[in-house]
J.: 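What follows is a structure written as structure tokens; I'll ask about it next.
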Amino acid sequence: MSITPATAKHSSADGTAEAILLELVDENGVTIGTAEKLAAHQPPGRLHRAFSVFLFDEQGRLLLQQRALGKYHSPGVWSNTCCGHPYPGEAPFAAAARRTFEELGVSPSLLAEAGTVRYNHPDPASGLVEQEFNHLYVGMVQSALRPDPEEVGDTAFVTPAELAERHAKDTFSSWFMTVLDAVRPAVRELTGPSAGW
């Protein structure tokens, strides 16, 4: 079972509990240190490394995730397929693949780098701040999802038109449109012009 709440600990090799640390970076994405996960998100936020995954089915529909209600940050909101933070020293690509499996119980059949985006998004509901240097990935999912209910409240595959309808009536993460806009060129290349992204 995965452990992601900010206050959670994970066990080290000797069995002791350690705080979850994030990689702090400069404006160029160069690692400059570490910070405890919740502390990095306290206002005004500390710039840290993150990733966002956008997976599509064979019809070119985007897999959305509704974050579980128990999450400390942005609970219950809709967002992209998977997002999170690499552990210090962990490659963002490896972290993206790991978390996608931990949260959704599926390994992408294709996962490709799609650039980076830097943003600063306060979350009005929690008071926390997403100050992130975000590595973007696009890919395909071709097997059945097995979401972890502690991580994921619901999932949906959507076309661009269905996303627009859902975005107008449902609450989405503060970072969703920023990362979607940044990843669109790679999405169009992956899904082709007929998918409409």
Side-chain angles (χ1 to χ4, degrees), residues 1-5 49-71 73-87 90-117 119 121 130 132-197:
M1 181 174 66
S2 60
I3 300 174
T4 57
R49 193 176 310 284
F51 63 82
S52 289
V53 176
F54 290 79
L55 296 183
F56 295 81
D57 67 8
E58 292 172 335
Q59 290 76 48
R61 298 179 302 167
L62 170 61
L63 174 58
L64 296 177
Q65 168 187 149
Q66 184 182 36
R67 295 165 63 84
L69 291 174
K71 292 182 86 77
H73 190 337
S74 303
V77 304
W78 287 90
S79 200
N80 48 291
T81 308
C82 179
C83 53
H85 311 93
Y87 293 126
E90 182 182 26
F93 184 92
R98 172 180 58 80
R99 287 301 294 152
T100 299
F101 183 79
E102 288 174 354
E103 292 187 8
L104 295 161
V106 65
S107 294
S109 56
L110 169 74
L111 192 63
E113 293 181 11
T116 59
V117 62
Y119 52 79
H121 285 298
E130 286 292 5
E132 294 187 330
F133 187 94
N134 196 313
H135 297 257
L136 305 172
Y137 299 94
V138 297
M140 301 286 294
V141 61
Q142 295 175 300
S143 51
L145 304 177
R146 296 181 311 280
D148 178 349
E150 292 185 15
E151 298 288 344
V152 180
D154 199 0
T155 59
F157 284 96
V158 296
T159 65
E162 290 166 342
L163 175 59
E165 289 175 20
R166 188 179 286 266
H167 195 263
K169 65 180 178 68
D170 293 333
T171 304
F172 275 70
S173 63
S174 60
W175 61 88
F176 176 73
M177 288 309 297
T178 299
V179 292
L180 176 61
D181 287 344
V183 82
R184 276 187 198 274
V187 169
R188 291 185 188 117
E189 187 175 333
L190 175 72
T191 60
S194 63
W197 293 102

J.: Does Ser79 offer a backbone N or O that forms a donor-acceptor pair with the side chain of Gln65 under 3.5 Å?
T.: no
J.: How long is the straight-line distance from CD of Glu151 back to CZ of Arg99, given to the nearest 0.5 Å?
T.: 4.5 Å
J.: Would Asn80 and Leu180 count as a side-chain contact (heavy atoms from CB on, under 4.5 Å) if you check the C-alpha gap in whole Å, the side-chain angles of each, and the deciding distance to 0.1 Å?
T.: CA-CA 8 Å; Asn80 48 291; Leu180 176 61; over 6 Å; no
J.: How long is the gap from CD on Glu132 to OG1 on Thr178, to the nearest 0.5 Å?
T.: 10.5 Å
J.: First locate atom SG of Cys83, then atom CH2 of Trp175, and finally report the distance between them rounded to the nearest 0.5 Å.
T.: 5.0 Å
J.: What closest approach, in Å, do Val179 and Ser52 show between heavy atoms, and which atom pair accounts for it?
T.: CG1-OG, 3.8 Å
J.: Taking the six-membered ring for Trp, are Phe93 and Tyr137 parallel (under 30°), tilted (30 to 60°) or perpendicular (over 60°)?
T.: perpendicular
J.: Starting from the C-alpha separation in whole Å, work towards a yes-or-no answer on side-chain contact (heavy atoms from CB on, under 4.5 Å) for Leu62 and Phe56.
T.: CA-CA 5 Å; Leu62 170 61; Phe56 295 81; 3.6 Å; yes
J.: Taking all non-hydrogen atoms of both residues, which atom of Leu69 and which atom of Pro75 are closest, and how far apart?
T.: O-CB, 3.3 Å
J.: In residues 161-171, what donor-acceptor pairs under 3.5 Å come from side-chain atoms, sequence neighbours left out?
T.:
residue, atom, partner, partner atom, Å
Glu162, OE1, Thr159, N, 2.9
Glu162, OE1, Thr159, OG1, 3.4

J.: Rounded to the nearest 0.5 Å, how far does CG of Asp57 lie from CD of Gln142?
T.: 9.5 Å
J.: Which residue is it: Asp154, Thr81, Thr155, Val158? I am looking for the one with a side-chain contact (heavy atoms from CB on, under 4.5 Å) to Leu64.
T.: Val158
J.: Answer yes or no: is there a donor N or O on one side and an acceptor on the other, between the side chain of Arg67 and the main chain of Ser74, under 3.5 Å?
T.: yes
J.: With rounding to the nearest 0.5 angstrom, report the CD to CZ distance, Glu113 to Phe51.
T.: 13.5 Å
J.: Is the side chain of Asn134 donor-acceptor paired with the backbone N or O of Tyr119 at a distance under 3.5 Å, no angle test?
T.: no
J.: Asp148 side chain to Glu103 main-chain N or O, any donor-acceptor pair under 3.5 Å?
T.: no
J.: Starting from the C-alpha separation in whole Å, work towards a yes-or-no answer on side-chain contact (heavy atoms from CB on, under 4.5 Å) for Leu63 and Leu145.
T.: CA-CA 10 Å; Leu63 174 58; Leu145 304 177; 3.7 Å; yes
J.: Looking only at the aromatic ring of each residue, does the gap between the centers of Tyr87 and His85 stay below 6.0 angstrom?
T.: no
J.: Could you check Thr100, Val138, Leu55 and say which one makes a side-chain contact (heavy atoms from CB on, under 4.5 Å) with Leu111?
T.: Leu55
J.: Let me have the donor-acceptor pairs involving side chains of residues 185-196, under 3.5 Å, with sequence neighbours excluded, atom names and distances please.
T.:
residue, atom, partner, partner atom, Å
Arg188, NE, Trp197, O, 3.0
Arg188, NH2, Trp197, O, 3.3
Thr191, OG1, Val187, O, 2.8

J.: Which pair of heavy atoms, one from Leu136 and one from Ala182, lies closest together, and at what distance?
T.: CD1-CB, 3.6 Å
